[in-house]
A.B. asks: 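So that we are looking at the same thing, I have put the structure below in structure tokens.
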Amino acid sequence: MGDGLLMKFLHTADWQIGKPFANIEDTDKRSIVRQARLQVLDKMGEIARQEGAAFVVVAGDLFDSPSADKATVAAACGAIGKMGVPVYVIPGNHDHGGPASVWEQEFFRRESARLAPNLTVLLEPAPVELEDAVLLPCPLLRRQESRDLTEWLRVPETLSALPPGKARIVLAHGSTQDFTSLAEDEEGSGAASNRIELNRLPADAIDYIALGDWHGTKEAGAKAWYAGTPEHDRFPKGGDHQQGHVLVVEAERGQMPVVNRVPTGRLTWSEMTFDFADDADVEHLEGRIDELLEQRTNEDLLRLHLSGSLGIEASHRLESLLESLEARLLRLKVEDGTRIAPTEAELESLVEQKRDPLIAGVARLLVERTRSAGGEEAITAALALRELHAAYQQEVRQ
Amino acid sequence: MRLHSATVRNYRIHGEVSVEFDESRTLIGGPNECGKSTLIEAIHRGLFLRSRTAGEAQKGMVSNKYPGHPEVEVTFSTGGKKYQLTKRFSGSNGTTTLTETGGKTWQGEEAESHLNALLGVEDIGGGRGITDRILQQWAHLWVWQGMSGSDPCKSTAAEQQSLLQRLQEEGGAVAMQSACDAEVAQHFAELCDAFFTQNGNPKKGSPLQRAESALEAASAERHEAEERLQRLDRAVEEYEQAAKTIRQCEVDLERLSQELGEVSKKREEAAKLQSREQQQAAEAASAEEKHAALQQTEQTITSLRRDLQTLKTEIEPQLERCRKIQEKRQAQQQRAEEAAQASEASTEAARSARFRRDLARAWVERFDCEEKQAALEKRAEQARGIEETIASLRETRAQLPELDGEDLEDLRELNARADKARAALDAMAAGIEVVTATETIRIGEEEAPEGSDHTVTEATDLRIGNVAHLRIRPGGGDSLARAREERRTARESLARQLDELGLDSVENAARVLAQRNDLDAKIQREEDRLEDIDDGHLQDDRAAAQTALTAAQAEVERREKQVPEARKPARREEAVTWRAEEEKAVERAEEAETEKSSARQQAAEALKETDAALQKANAEVESRRNEISNKEAQLDFLVEKHGEDASRQQALKEAATAHEEAANALRQTREQLEALQPEALETDHARLQRSLEHQKQQREDGVKSRAANEALLRSDGSEDPQAELERAIAREESAQESYNRIRRKADAYRLLDDLFVEQQKALADRFTQPLAERITGYLRNLYGPSARAAVTFEDGAFQGIELIRSGHAGAISFDSLSGGTQEQVAAAVRMAVAEVLAADHGGSLPVVFDDAFANSDPERIQSVQRMLDYAATRGLQVIVLTCNPSDYAALGARQIRLSPGATAEPASSTSTTASSRPATGSDVDAETSVPWSEPSNGNPAEEDCAEYLAVLRSLDGKSGNQALREALGWPEQRYEIVKSHLIDQGVIIPGRGRGGSVALNE
């Protein structure tokens, strides 16, 4: 045991409440995904109570936007108010401070005072002394800040003036020296400029650095952690990208913090890659997806990378498979690199037949094009071939 | 299929006409309205119109000249068999009979359908519109009059299918598109049409266009959302900038206010010094002025004293000069008066001298006048004497007879004539000399004494007593009498002339004339003398001399009054001498007068000069005196004002000291002021105040900007622009994706449509090739080996015929060809098509050209014949109808001549006949009411020929047939008979053109 008070708190970040998920076209599904970001606050409140956490620190990006609308603000304040523990927040790059920011707006002040009296927004880089800890906030007041906002902590006098027995908790939002969130967002709007130089901070004078910005939970250095977002909001990148957690931190002045990650996420964001070797692979893909989803509906978001080639019939089958998946998933994002390559039988039915010489001639020209031309022209030719096939089949059936 | 013969009965203008066709080439000639077209129409209807057709079509065929129902008989062969077809068009009970030679016979409907099968046509029924519809049957083979230039593709439309079929067969293995092909192609054409407009743009309202619009709208929204965010970002920047400006301004204002305070203090100090400086400067100036004034007074006094001294010295010599001039003036005045007196005296002397001289002159004048008067009186006396002499001479002359030289000459001539007459008489007379006488001898009545001599000039009786009575007859006969008469008249004239002049003889007359001449000379001399003395003015001169004398006397008396004790000269010489003396005296007196006057003037001048000099000298003296008194007054005034010399000196010294002290004080103040740099202080002050104002303004602007931007940034939380942008981006992406998908699909449809069209065309080209080649074969007959035809196959039909000729720019579409070329090319196409289709009709088909080359020129008609012959060699049966059969003489065709109402005659060795039943009432043209009967021997009446030629001449010897016939007012038949006859006679020659023309053969 150290010479200070041992205390427990929850470290979280990147709630990004109000994120539009505009890519989800279905409004009901979009609403489910948006709603999940508020519902996770209940879960965290529960954990805080269970763990006996003194307070919750949010290391930036509570809102998805610096100009969050009133409905979002009201919903967030309501959810925060229900958490029942003090919540300390710094603005991040998504909801940075500044003249126009949500934090400065009248309706925010009103809503937070009414619905979330337990919420404190830290807009100045100055120590905040609590009953059993000192918060050292480094708030972002603009989307991109070229200077290191933790530099005020490098001044020895700042820290030496703090009460000696209370754990010192830094709150910051941005990328660390050896770890950047560049191109982190799905939209690729990562902020490379908000740099935090962890190694220039006086390690001994600080007990925990609560970081935000990186959406996966991640230890960024001694005493420094990214909490990650408590609810998934994007397709995973690489293996080591754990989203949907909150950190329960035990800290004490002069001691190494003890950090526990507790899962909070509810939605599943998955990614799958599949290469078609023959037409039967359409059915294999279907099996793989069934395995992934089990019996769930409206809980999953899937990014599907498809490649290889399929016959005309098979491509129609794939199309209907994707259509049914689209209904079942919250979101299906397909990156379809599949080529349409008519099978021998299909070709024969078009090109080699003698009954309808005009169709055979046109089909022959299209096949040539799919083989000799490249890019868009080949794609159009393949599509045309498929259309021709379909029209012909229909005509023949009649 | 070939036509062999045809007979038409009771069909419009035809009572009955039969023609036999050549297997390959038939030429049916005949004038207009002879029924060529009607004949060919009848054959066409025989082949294609159901015999039971009723209504307009049937009525149209009925003849209004020939009773009975229209009938058509046609013999033809096809498929190696020969058929005879007979149709009677009697409405609903019409009959059709078709008989195969040596075979079966069909009747009625059966015959009709068998006929259709043989001809390869569909049944087109009857009823309404049949007259138009029927024209479609074999329209590609039947070139109706006036239709030769129409696009042959249209008339082959009905044959497209069989044509395709044939061509496909000819093309060998060429596959034809299947029904399924057509369906699928149509499917994609429709899809493509649903997506794209004709020029390849997305069609309005199509999914593609909607997706495109949606994408554009989404992009615009995204752009708008971005701009809104940018506006907010700018507002944030401006807000921060304003806040920063305000802070900076506060700092600057503080500093500036301080600086301004310091400068203000120094300015006050400077102001005080400036005020003092002003006061001291005024004092110094005043002291200086006072000192200067005293100095000035001193100088003035000294100067005045010096001036007075000088003036007083200068005035003395001036006074002396004045006195001297005064003296000189008095002397000069004396002299002037004396000179004046002398001058006046000399003037008086000269005057009296002139009086005396004038008196002397008057005297001389008086004497001159007197002398002149006396001379004139003397001349008057002389004149009187001469006048008396002249009067006496004239008296003498008046007593002589009036005779002049001429009169004398006349007398002499008369005398000479009398002498001459007597001499002549004497020469002829007989002389009787009484030598002795015893008896009294009487000669005539007169006694002739002895010794007397007598001359007998006429028969004179000589009696000697009573003894003898003799009659003497002088010789000469009548001449004697004439001589006697002559002598008598001469004597009488002379005597009369002398009596008139009062003379007795010629000699006396000569003497009188001499006397008269002498007197005349004397009178003349005296008159000349008188003239010398008096030229006619003598009397006037005498009166004038008297008047002058009286005036001169009066002048003398007047002048004497001016001259006391005047002399009275007795003679002129005395007066002249006196006058000379007086002239000299006057000269002398006037010289003296001039001299004295000049002296007087000189004296006056001199006096005037001296007066001026005196005046000037006096003025100078006066001026100097004034000056002296002025200066003395000034001096007195100054001394009185400023005191005497000593007190003045004291005051002057005191003033100098005061001046020096004031100047010193002023200099010190100025030095202090300069040290403060008052100008710099002013500019500093202005600058600082300006800066303050500026900063205040900036701060104010900053506050305004901050407030304005704050207002912009203040949100009511109703929306989130950031989230809105994300949504807009997502929508745009979605729209893009959707558009890409539709676009790709649309492109696929278009590609399919394009490829289908391309393939169809490729297929079509393989059909059109043999047709184009065939057409080319025909065209080369017309336009030479380089001509070529192109045909396209589109939308399931042949179309777009083009003619390609060397030397012409590219391919020319049918529509762009000239009228003549159109009918030629159309014919080529028809025959090519017929050739292709002939395979279905036993290798041959008839092609009928009714006046089909009306627009072609004569040279081209030659080529047309070659083409028609080519068609015949290719198996076609060519039938040409023309009103100018001679044009087609080179076709080598069987010629049939059709003439109205007449039995057709063989027109060539290979000809056949077109026989026509003589019509009851003949083929009288309804147009004319003139009764006309056809000549029995075929030759027209001479009157008709004469009338024809007369009317033709009246039309300049050239006319279209129609126009000429109308001018004649003849029926067609009558016209044609006369025309043909005249052409045969070589009187007129036929021309070309629609309906033909004729011209006098001259």
A.B. asks: Salt bridge or not between A:K70 and B:E719? Use side-chain N to carboxylate O under 4.0 Å.
C.D. replies: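 No salt bridge links A:K70 with B:E719.
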A.B. asks: Where the side chain of A:E387 meets the backbone of B:L752, is there a donor-acceptor pair that is under 3.5 Å apart?
C.D. replies: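 It does not hold such a pair.
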A.B. asks: What part of B:E710 lies closer than 4.5 angstrom to a heavy atom of chain A: side chain, backbone, both or neither?
C.D. replies: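 Neither; nothing under 4.5 Å.
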A.B. asks: With rounding to the nearest 0.5 Å, note down the distance linking CG in B:D181 to CD1 in A:I359.
C.D. replies: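 So the gap between those two atoms works out to 4.5 Å.
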A.B. asks: Name the region of A:E376, side chain, backbone, both or neither, that has any atom closer than 4.5 Å to a heavy atom of chain B.
C.D. replies: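 The answer is the side chain of A:E376.
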A.B. asks: Compare every heavy atom of A:A22 with every heavy atom of B:R727, then report the nearest pair and how far apart it is.
C.D. replies: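 Reported closest heavy-atom pair: CA-CB, 3.3 Å.
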A.B. asks: For each of A:S67, A:G98, A:A382, A:S101, tally heavy-atom pairs with chain B at distances under 4.5 Å, and name the one with the top tally.
C.D. replies: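 Going by pairs under 4.5 Å, I would pick A:S67.
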A.B. asks: Measure distances from A:E111 to the heavy atoms of chain B and classify the residue's part below 4.5 Å as side chain, backbone, both or neither.
C.D. replies: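 Contact with chain B is absent: no heavy atom of A:E111 under 4.5 Å.
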A.B. asks: Quick one: which of B:R706, B:E240, B:R714 gives a side chain to side chain contact (heavy atoms under 4.5 Å, CB included) with A:P99?
C.D. replies: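 For A:P99, the side chain to side chain contact (heavy atoms under 4.5 Å, CB included) check succeeds only for B:E240.
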A.B. asks: A:D69 side chain to B:S718 main-chain N or O, any donor-acceptor pair under 3.5 Å?
C.D. replies: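 Flag not set: sc A:D69 to bb B:S718 has no pair under 3.5 Å.
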A.B. asks: Non-hydrogen atoms of chain A under 4.5 Å away: do they reach the side chain of B:D716, the backbone, both or neither?
C.D. replies: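 The backbone, not the side chain.
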A.B. asks: Between A:E395 and chain B, with a heavy-atom cut-off of 4.5 Å, which part of the residue counts as in contact: side chain, backbone, both or neither?
C.D. replies: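 For A:E395, the side chain is the part near chain B, not the backbone.
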A.B. asks: Answer yes or no: are there more than 12 heavy-atom neighbours, outside A:R110 itself, under 6.0 Å from its atom CZ?
C.D. replies: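 For A:R110, atom CZ is crowded (more than 12 foreign heavy atoms under 6.0 Å).
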A.B. asks: Of the backbone (N, CA, C, O) and the side chain (C-beta and beyond), which part of A:V73 lies under 4.5 Å from a heavy atom of chain B, both, or neither?
C.D. replies: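 Answer is neither: A:V73 stays 4.5 Å or more from chain B.
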A.B. asks: Quick one: closest heavy-atom pair of A:N23 and B:A730, and the distance?
C.D. replies: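 Distance-wise, the nearest heavy atoms are OD1-CB, 3.5 Å.
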A.B. asks: Give the member of B:L191, B:V184, B:D233 that has the highest number of heavy-atom pairs under 4.5 Å with chain A.
C.D. replies: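 Most heavy-atom pairs under 4.5 Å with chain A: B:V184.
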A.B. asks: Provide the closest heavy-atom pair for A:R369 versus B:L755 in the form atom of the first, atom of the second, distance.
C.D. replies: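 Minimum heavy-atom contact is NH2-CD2, 4.2 Å.
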A.B. asks: Highest number of heavy-atom pairs under 4.5 Å with chain A: which of B:A762, B:A243, B:A185, B:S734?
C.D. replies: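 Maximum pair count with chain A is reached by B:S734.
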A.B. asks: Chain A heavy atoms under 4.5 Å from B:Y239: which part of the residue, side chain, backbone, both or neither?
C.D. replies: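 The answer is the side chain of B:Y239.
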A.B. asks: Which one, B:E733, B:K745, B:H187, leads in non-hydrogen pairs under 4.5 Å with chain A?
C.D. replies: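 Option with the top pair count is B:K745.
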A.B. asks: Which one wins on heavy-atom pair count under 4.5 Å against chain A: B:A728, B:A723, B:P721, B:S715?
C.D. replies: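 Answer, by heavy-atom pair count under 4.5 Å with chain A: B:S715.
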A.B. asks: Would the number of heavy atoms belonging to other residues, nucleotides or ligands and lying under 6.0 Å from CD of B:E250 be above 12?
C.D. replies: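 Result for CD/B:E250: enclosed.
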A.B. asks: Under a 4.5 Å heavy-atom cut-off, does chain B meet the side chain of A:I379, its backbone, both or neither?
C.D. replies: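 The answer is the side chain of A:I379.
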A.B. asks: Quick one about A:R143 and B:Q722 (side-chain donor to acceptor, distance below 3.5 Å, no hydrogens or angles considered), yes or no?
C.D. replies: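 Yes - a donor-acceptor pair under 3.5 Å links their side chains.
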A.B. asks: Side chain, backbone, both or neither: which part of B:L232 has a non-hydrogen atom closer than 4.5 Å to chain A?
C.D. replies: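 Answer is neither: B:L232 stays 4.5 Å or more from chain A.
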A.B. asks: Please report the C-alpha distance between B:D747 and A:T380 in whole Å, then the side-chain angles of each, then the deciding distance to 0.1 Å, and finally whether the side chain to side chain donor-acceptor pair (under 3.5 Å) criterion is met.
C.D. replies: CA-CA 7 Å; B:D747 284 346; A:T380 307; 4.8 Å; no
A.B. asks: Which distance, rounded to the nearest 0.5 Å, do you find between the CG of B:L713 and the CD of A:E104?
C.D. replies: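 Interatomic distance, B:L713 CG to A:E104 CD, rounded to 0.5 Å: 10.0 Å.
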A.B. asks: For B:F188 and A:V362, what are the C-alpha separation, side-chain angles and deciding distance, and is it a side-chain contact (heavy atoms from CB on, under 4.5 Å)?
C.D. replies: CA-CA 12 Å; B:F188 287 115; A:V362 171; over 6 Å; no
A.B. asks: Counting only non-hydrogen atoms closer than 4.5 Å, does A:R386 touch chain B with its backbone (N, CA, C, O), its side chain (CB onward), both, or neither?
C.D. replies: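 Nothing of A:R386, per the 4.5 Å heavy-atom cut-off to chain B.
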A.B. asks: Whether B:R731 and A:E25 form a salt bridge (side-chain N of Lys/Arg under 4.0 Å from carboxylate O of Asp/Glu) is what I want to check.
C.D. replies: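 A salt bridge is absent here (no side-chain N lies under 4.0 Å from a carboxylate O).
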A.B. asks: Side-chain contact test, heavy atoms from C-beta onward, threshold under 4.5 Å: evaluate it for B:F756 versus A:L388 and give yes or no.
C.D. replies: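 Counting from C-beta outward, B:F756 and A:L388 do come under 4.5 Å.
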A.B. asks: Is a donor on one side and an acceptor on the other found under 3.5 Å between the side chain of A:D356 and the backbone of B:S178?
C.D. replies: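 No; judged by distance alone, with no hydrogens or angles, the pair does not exist.
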A.B. asks: What pair of heavy atoms forms the shortest contact from B:L751 to A:A381, and how long is it?
C.D. replies: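 Here B:L751 and A:A381 meet closest at CD2-CA, 3.8 Å.
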A.B. asks: Under a 4.5 Å heavy-atom cut-off, does chain A meet the side chain of B:Q759, its backbone, both or neither?
C.D. replies: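 When you check distances to chain A, atoms from both the backbone and side chain of B:Q759 fall under 4.5 Å.
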